[in-house]
Amino acid sequence: MATVLSRALKLPGKKSPDLGEYDPLTQADSDESEDDLVLNLQQKNGGVKNGKSPLGEAPEPDSDAEVAGAGKPRLSEVTPEGYPLEPLGALEQKAASSVVSCVRTSVFLLMLVVSMVLVLVCAFLIPCPPRDLHSTWSRHLGPQGGGDLSPLDLADVNGDGLRDVLLSFVPAGNGSAAGVSRPPAVLVCLSGMNGSTLWSSPLPEEARDITCLDLTPGNMAKTVCLVTGTHKMLSAFNGTSGKAMWTLNPNYLSNGTLAAPAVVLPDVDEDGVRDLAVLAIGELQPDLCFLLVSGRTGSPVGRPVKYNIVGVGNLIGPQVYITTSGAAYILFGFGNIQAVALRDIFVQAQNRDSLPPSLQIEEPEWEKRRSVNLSELIDVYSDGVELLQMVKAPDSNSSNLLITTTQGLVLLRGQNLTPSWVLGLQGLHSQPTPGYFTDDETIDFLLQIPNGVGMKKVMVVDGDSGLVTWSYSIPCHMKETPATSAATVEQKSVFLFWAEGLSAASPNPDVVLGTEPPSLHHLYLLHPTFPSILLDLANATGTVTASEVGINDLWKDAFYVTRTTGPSSEGHPAPLVVSKLSLRWALMEGQMVQLEETTPKIGRGELRRFLSRIKSRLLDSAVPEEVNGVSLSLPSGCKHNSLERRTSVTPFHLLCVTIARHLERHLEFFGNPLTRRLRQEGLLSSPELHLGCQQSPSTTT
């Protein structure tokens, strides 16, 4: 009764039991009612339940403090629904952690969006490097006014990733016309993309050789083009602008003329730039001298050094040979091969005994071959030498000497100058073409030998044993037609040579008659995998005087550049034509010539599928690029069409490829469809292209 009245009147100090307050008027009720009320209130407010606290501790009955505390609950501990709340510190920690998670998610999504946009821009919006898959062009440079030499070289001078064409020729009517003086010769650079003229420079005389390289090893230096004339000219041109950087003063060659192209030496004057050596010869054969030239300024490094030698035959060299220990020798001779240590030339030129570190090394195996009187000349080979070239030794950082003689072919081991094998051949006058034909990863050689009137025999010699592994007789009326090779990523090479048109397979493979007039010549390709098939790639009506094979590093494609002198009419000079042919496109469009029947028969579909997978690479250099820290270069006379100088892919293209590969590897849901176009363009399909480094299958850069 008291409880009902208290609730109805809402006396002071009394609150609703829903708020957990204890009403003092309930003391008038019975003890049983009091206990029930207290228990119900505490159970409803999350307090004591069944005589125990939530923590399992027994409460102290009849405690005034407990009753007072129960009558004034804190808001942080009790909610209107009767459930406890978390402390304010825990709420602040949860709020901070949620903010950090949001920031992390936002940063990740932002980085992902930026990467996606960057890759899309690289792949679609910004132009890709020029692709010359179907770039086959021909450029007519006008009538040629004479000259028996046809210098030609390839180098990327404008930085577009494609090698450009450099050549020199004597224009027709080089005299003065209408008061305008014309230069005796001109140096021209043609774009490798479309054949347009990038620049041209006049030359005081006809050029004997053009060699483009970097004289500063280890740096991203500009390409320098060395031009050696037929008389006294030696100049270095900036490959990008075509301007002359320096020219050797002809007064230093007052008693002679340049007998051969300049050769590149290690840095002998220690100015950080490779130096040069030229061989000058007087009116009489014994009057011969070497002159060291600074690669930075073109000034002589010391005085000329004279040697008196007598020989019968063609001038051999000069060429630079670096042994495995790092000793440098210069090879030269007349119908023979002699060597002189570079340190001996330097000592006489400088008239001092102190030597730079690169010239303080000797090769014992070479030194003990000096003459009995301990002269400076070392006898290497003396038996009717006609040609000399250096070939990289297998599994070694040295080179072997391939010597063409009047009696055949000889391969000398470069380490001790002993014969590895000798092949007897008559009438070999052209330089052998190195390449990989067999499966032993040793460089083999393609030879062209006259075989009667209007015929020549093409054969491949095994570089390990010296045995003939492939041969065929082909009609050809051109004399000394150039042959080239291009290496593939499968450690094989394709060989290219010129001949006249071939008919269908003949029962006698040694005699194949041409079906076209002798004025039309065809470019044939031989692949080691199909030795019974030749591919007819192109044809020309003129005389091919020079050719070069270049490698497009980005697309793994090879291209073939020819310098052709067209047929001349009576009273008119012959026109000069420069042409470029993409080998990948030519392989798919070429005609198949079956040399002999095979079992099973090779179909054209099978051949096309195989050829479509061919990817070209750089052939290992005939000489090592560095020995014991001494940087080397391709010597004069050893420059071959298949030995290419490397160019790097532009940094922006590398960024595109790197980002695409990273996303393809880590973001499969985005990378697979995005990189499909890059794969189709060839950027992601070649494992050899990694940050602009050209690798061979057996090495890692």
Side-chain angles (χ1 to χ4, degrees), residues 389-400 402 409-414 419-423 425 432-448 457-472 483-497 509 524-535 549 551 556-558 583-584 587 592-603 606-624 640-644 686-688 694-700:
Q389 62 189 113
M390 299 181 187
V391 182
K392 187 179 183 302
D395 302 329
S396 176
N397 199 24
S398 63
S399 301
N400 294 332
L402 183 66
L409 206 60
V410 180
L411 183 66
L412 293 184
R413 299 183 182 92
S420 176
W421 48 261
V422 178
L423 175 64
L425 288 173
T433 302
Y436 295 103
F437 191 85
T438 58
D439 298 329
D440 55 5
E441 297 186 359
T442 302
I443 295 181
D444 308 309
F445 309 99
L446 182 136
L447 311 179
Q448 300 182 93
K457 193 170 188 178
V458 182
M459 61 177 61
V460 178
V461 178
D462 186 5
D464 185 42
S465 62
L467 301 177
V468 178
T469 59
W470 184 90
S471 65
Y472 206 84
T484 54
S485 66
T488 65
V489 295
E490 293 84 8
Q491 202 69 7
K492 294 286 187 179
S493 296
V494 291
F495 296 88
L496 299 102
F497 54 89
Y524 290 100
L525 180 141
L526 171 66
H527 195 285
T529 307
F530 301 97
S532 61
I533 294 176
L534 293 180
L535 283 178
V549 169
I551 303 298
K556 297 301 173 188
D557 185 19
L583 288 187
R584 181 176 298 174
L587 287 174
M592 184 177 67
V593 178
Q594 188 83 30
L595 301 181
E596 60 183 11
E597 295 294 335
T598 58
T599 304
K601 187 176 181 179
I602 301 173
E606 177 186 357
L607 182 63
R608 290 177 65 92
R609 285 191 298 271
F610 175 81
L611 296 177
S612 63
R613 297 191 297 267
I614 290 182
K615 294 179 181 179
S616 301
R617 68 173 181 85
L618 298 177
L619 178 64
D620 295 335
S621 300
V623 291
H640 191 267
N641 299 328
S642 60
L643 305 180
E644 285 297 319
S686 302
E688 294 76 23
Q694 180 70 25
Q695 306 178 14
S696 63
S698 59
T699 60
T700 303

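What you see below is based on every heavy atom in this structure, not just the backbone, and it leaves out hydrogens, waters and symmetry mates. Numbers here are sequence positions counted from 1.
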Backbone of Val458 reached by a side-chain donor or acceptor of Ser471 within 3.5 Å:
no
Residues passing the side chain to side chain contact (heavy atoms under 4.5 Å, CB included) test with Ser532, sequence neighbours excluded, are Gln594, Glu596, Thr598, Ile602
Scanning both residues in full, the closest heavy-atom pair of Pro419 with Arg413 reads O-NH1, 3.0 Å
Closest non-hydrogen contact found for Trp421 with Val461 is CH2-CG1, 4.1 Å
Rounded to the nearest 0.5 angstrom, the CH2-CE distance for Trp470 and Met459 is 10.0 Å
Query - Main-chain N/O of Val391 paired to Asn400 side chain as donor or acceptor, under 3.5 Å - result: no
If we count only N and O atoms by modelled type, under 3.5 Å, do the side chains of Thr438 and Asp444 hold a donor and an acceptor together?
yes
Hits for side chain to side chain contact (heavy atoms under 4.5 Å, CB included) against Thr529, two or more places apart or cross-chain, chain-then-number order -> His527, Phe610
So CG of Leu412 and CE of Met390: to nearest 0.5 Å the spacing works out to 11.5 Å
Student check: side-chain heavy atoms of Phe445 and Asp462 closer than 4.5 Å: no
For Thr484 and Thr433, the nearest pair of non-hydrogen atoms, with its separation, is C-CG2, 3.6 Å
For Ile443 and Pro434, the nearest pair of non-hydrogen atoms, with its separation, is CG2-CB, 3.5 Å
Value for OG1 (Thr488) from CG (Leu583), rounded to nearest 0.5 Å, stands at 12.0 Å
